[in-house]
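Presented below is the structure to which this report refers.
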Amino acid sequence: MTAERNPKPLTVDIRVFMLITVSAMAIAFGVGVAMGPTAAELAMASAGAAAGGHKLPEVHSVDVSTAEDAAALKEDSELLHEPAGQHLLVDIKGIEAAFLDSEERLAHAMVETVKGAGLTMLSYHCHKLIPMGVSCVGVLLESHISFHTWPTEGVITLDLFTCGPNPLIPVVPSIKALFGIPRENDEIMAQWSHELRGFRSKKIPNKDNHNYALLDHNSDLSQMIWSPMDCVYKEQVYSGLTEYQRVDVWDVVSLEDQPSQDDVLKAKLEPTDSRWTTNELVQPTRYLFLDGVLQSDNTTHKEYHEALVHPAMFAHASPKNVAIVGGAEGATLREVLKHTTVESVTMVEIDQQLMDLAKEYLPQMSDCSNLDGRADNCFDDELLNLQVENAKDWFLADEAETNKNLDVVIIDAIEPEMSSAISKDLYEEPQLWKTILDSLTEEGILAIQIGYAPTISDPKPDVGYNAPREILFQTLENLPSVQAMFVYEDSHVGFLVPKSFLIVCKSNSCRERFYAAPEDLNMEIAKRIVSSSDNDNKALQYYDGVTQIYYQVAPKAWETIYCRREPTPFECDYRHLDFGKGIYEFKMDAPAEEQVFEIMTDEVEGTRVYSKVDIPKGSYIMAEHAANSLQLSSKAVENLSASTDVEFAKFVQEHGHDSASKGSARRLVEIGASYFLRIADSTAEANVGRWIPPHPQGRRPKYSPVYERHRLSFDVFMVATKDISKGDELVKYKYMWSEE
């Protein structure tokens, strides 16, 4: 049987195949050219299509209007051709679909926007999209405008970029009006952002006020209001120039905002309501900016002004006569009027227009209606003596007469780091600060808000952004009448970064009150602060004794920056224990063979402490026991002395010492093994001394975050002042805690 074979497939030479294919393409191309329209026919067909309304893009050109306009533009050519500009981005939702699909209506809105902005349209190009939507771009003499629409979704996104001097923020309302045609049963929602672009020069329109132009992307106004796109509500309430500064008031609701307690109570929200975590019920926050710098807002003004005023007021035993520099909103005045000890308040504010604007747009700032015994409006209170003039002139007017007898002066003006004429008048005038201090009584207190808090990354304080503040500090430190200075800050008062404050004292006695225990301060608050007629709106909402504890320890950044001064301050070498040195402890529960000290007692010599090992100079002696020293206020010591427990009072006197921080009225009592050390009358006999030696200048600096932050450590830790050999007795100098 023979097997069937498959038929052999046909084969074609590849060269023959390629020749046939190329020949066919050439023939087809030739036939097409021969039978198609001529170039003239194509041109006529294109013109006919345009006349017939086919959807080809239309180009419109607009010339600069007149010779006068051209001349004016030529005068501004330096600004127009600077490699920098403003960029305005606007997104609008809820727009009528027919409008968003109409090239004609959209082009008209674009042209009107350009006209209203004072810009010059050169030409524009619009393209109708399929199936729906329009994209347009307009070429401006100053740069461009463009947008794109989504009719079905009711959305348009628009951007306007200019290199000219005209500000773009005022254009936002007209863009909303021209493009925000609402669709049925919907609301217009708009969000926008304004950014500075390119590389701009540092030309200053007003040499006396570096913040006048406000075209600064680093300003609070730009970062908080203009730049963020995620604001569901952002409306300009007021913008204008007073005689002295630019004033801006804005209402804002951010996308992430959630209801406050007031919003919740007003809406009577139930626990299951979904609006707890949305911004639907959020009332706008109203912000006040001066020369682009945030001053206050209507939600955190109580926290800020309580933080500014009350630490200084309670640092004085009984403030009667108070002066306020600045404070046009009236909130600083409101806080001062909460003290029943106050008999007169002189407020020196240069800007009457700003005061009037604050009353109109921020009336809650000067509301004293809940304070018993005060006028409903703080500005109407009988204790107020309002002086509308330059504070510098007011203080220097009768410089020879230094008996104004003020107890507290509060400076609530623009920050020292600002470059405005007002801040320069206040912060860069040494004679003014001397006069202000001279106007205070011997126990007088000066309080100053000193701008944003530093960070540990900042350079030395006399350069850069912090330099004006350092000039102020050193000016105050060099005044003979200044005895103590304290810095503190608060991160909960409504600003982008913590706000900082300075208290300056003419007497060290303020230290006792500044470092008061919370229970003592709360008692003083209860005695001094006026009562409130509104149980739900107490006179003090934020400040109390525990808040003051937070102010008593300046954050480490202040210490870090202070220690970058040149030359490095002496005390900066003692910011922490030297981990290269040994720590020799007496362990209460350790067996005798593990002890490094031996405590021996006999009837003749009493109790003595001896070393069982060699202790190098500089080693720490009984640091754990020292750290557990008992702290007592001067009042507590007085109460002990008057009590029946005579033995304990005697122990406090014999084994305690007063704090080296003058005016702190604190006594430290050694309650560990260290109190067994024998006391010598001379330094030559002693071999144990305090950790930080006396300051080389004979007194501690008036301002030193190091001394203030480590005051307890400096009051208790001891070191070996010389090498101590095995078997030597440990002896401390009688006056080692009171050498300064």
Side-chain angles (χ1 to χ4, degrees), residues 258-265 283 285-288 294-316 319 322 324 327 329-342 362-372 374 378 408 410-412 445 447-453 486-503 513-555:
Q258 296 181 7
S260 67
Q261 176 69 0
D262 289 341
D263 296 330
V264 169
L265 294 176
Q283 296 297 308
T285 298
R286 178 160 293 185
Y287 294 98
L288 170 66
L294 176 63
Q295 297 302 301
S296 53
D297 67 68
N298 66 341
T299 60
T300 61
H301 63 98
K302 293 179 181 178
E303 291 97 316
Y304 170 76
H305 290 93
E306 288 186 25
L308 167 65
V309 171
H310 298 299
M313 293 292 284
F314 282 106
H316 194 284
V322 180
I324 301 169
E329 310 102 302
T332 303
L333 171 63
R334 178 192 68 212
E335 298 305 318
V336 170
L337 290 173
K338 292 178 181 179
H339 289 254
T340 56
T341 59
V342 171
L362 293 158
Q364 62 272 50
M365 299 283 192
S366 56
D367 183 6
C368 285
S369 60
N370 70 312
L371 304 180
D372 292 347
R374 303 303 187 206
C378 305
V408 178
I410 301 170
I411 310 293
D412 183 19
I445 306 289
I448 315 172
Q449 70 96 350
I450 50 174
Y452 294 139
F486 311 108
V487 290
Y488 63 98
E489 63 183 56
D490 201 312
S491 58
H492 302 92
V493 292
F495 293 83
L496 297 173
V497 296
K499 202 74 167 176
S500 57
F501 308 89
L502 174 67
I503 288 180
R513 289 180 287 274
F514 184 77
Y515 289 118
E519 61 273 15
D520 292 335
L521 182 53
N522 284 336
M523 284 293 295
E524 189 65 20
I525 289 173
K527 289 189 289 186
R528 189 190 295 186
I529 295 298
V530 300
S531 57
S532 173
S533 57
D534 184 353
N535 291 329
D536 295 327
N537 187 16
K538 298 296 184 183
L540 290 186
Q541 296 284 310
Y542 182 70
Y543 181 79
D544 62 11
V546 179
T547 305
Q548 182 62 27
I549 291 180
Y550 169 55
Y551 298 155
Q552 290 172 356
V553 181

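Note that the numbering runs from 1 along the sequence shown for the chain.
The minimum heavy-atom distance between P259 and D263, with the atom names listed, is CA-OD2, 3.7 Å. The heavy-atom pair separating M365 from E329 by the smallest distance is CB-O, 3.3 Å. Smallest separation of non-hydrogen atoms from H305 and S296: CE1-CB, 4.2 Å. In this structure, V530 and D372 approach most closely via the heavy-atom pair CB-O, 4.2 Å. Residues L362 and N298 come closest through the heavy atom pair CD2-CB, 4.4 Å.
In this structure, the side chain of S500 engages the main chain of G451 through a donor-acceptor pair within 3.5 Å. Side chain of N370 to backbone of N537: a donor-acceptor contact under 3.5 angstrom is found. In this structure, the side chain of Y304 does not engage the main chain of F495 through any donor-acceptor pair within 3.5 Å.
Side-chain contact between T299 and Q283 is absent, with no heavy atoms from C-beta onward closer than 4.5 Å. Between L337 and C378, the closest side-chain pair of non-hydrogen atoms falls below 4.5 Å. At a threshold of 4.5 Å between non-hydrogen side-chain atoms, the residues K499 and D490 do not count as touching. Residues E489 and F501 form no side-chain contact, since every pair of their non-hydrogen atoms from C-beta on lies 4.5 Å or further apart. Looking at P319 and R528, their side chains come closer than 4.5 Å, going by heavy atoms from C-beta outward. Annotation: side chain of H310 is in contact with side chain of L540 (closest heavy-atom distance under 4.5 Å). No side-chain heavy atom of E335 sits under 4.5 Å from any side-chain heavy atom of L308.
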What verdict does the side-chain contact (heavy atoms from CB on, under 4.5 Å) test give for I411 and Q449, after you've listed the backbone C-alpha separation in whole Å, the side-chain angles of each residue and the deciding distance to 0.1 Å? CA-CA 7 Å; I411 310 293; Q449 70 96 350; over 6 Å; no
Candidate pair D297 and T285, rule side chain to side chain donor-acceptor pair (under 3.5 Å), full reasoning: CA-CA 7 Å; D297 67 68; T285 298; 5.7 Å; no
Does the side chain to side chain donor-acceptor pair (under 3.5 Å) test come out yes or no for S369 and D367, once each step is laid out? CA-CA 6 Å; S369 60; D367 183 6; 2.7 Å; yes
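Scanning for ring-ring contact (aromatic ring centres under 6.0 Å, His included) contacts around Y287 gives an empty result, with sequence neighbours left out. Shown here are the salt bridge (Lys or Arg N to Asp or Glu O under 4.0 Å) partners of R374, two or more places apart in sequence or in another chain: there are none.
Between I324 atom CD1 and L333 atom CG the span is 5.0 Å, to the nearest 0.5 Å. In this structure, T300 OG1 and H492 NE2 are separated by 11.5 Å, a value rounded to the nearest 0.5 Å. Here L371 contributes atom CG and S531 contributes atom OG; the two are 9.0 Å apart, rounded to the nearest 0.5 Å. The CZ atom of F314 sits 4.5 Å away from the CD1 atom of I525 when rounded to the nearest 0.5 Å.
The only member of R334, K302, R286, H301 that meets side-chain contact (heavy atoms from CB on, under 4.5 Å) when paired with Q364 is H301.
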Which atom pairs, one a donor and one an acceptor, fall under 3.5 Å between side chains of residues 543-550 and the rest of the protein, sequence neighbours left out?
residue: Y543; atom: OH; partner: Q548; partner atom: OE1; Å: 2.7
residue: D544; atom: OD1; partner: V546; partner atom: N; Å: 3.2
residue: D544; atom: OD1; partner: T547; partner atom: N; Å: 2.9
residue: D544; atom: OD1; partner: T547; partner atom: OG1; Å: 2.9
residue: T547; atom: OG1; partner: Y542; partner atom: O; Å: 3.1
residue: Q548; atom: NE2; partner: F514; partner atom: O; Å: 3.1

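Ring centroids of Y551 and F486 are separated by 6.0 Å or more, keeping the two rings apart.
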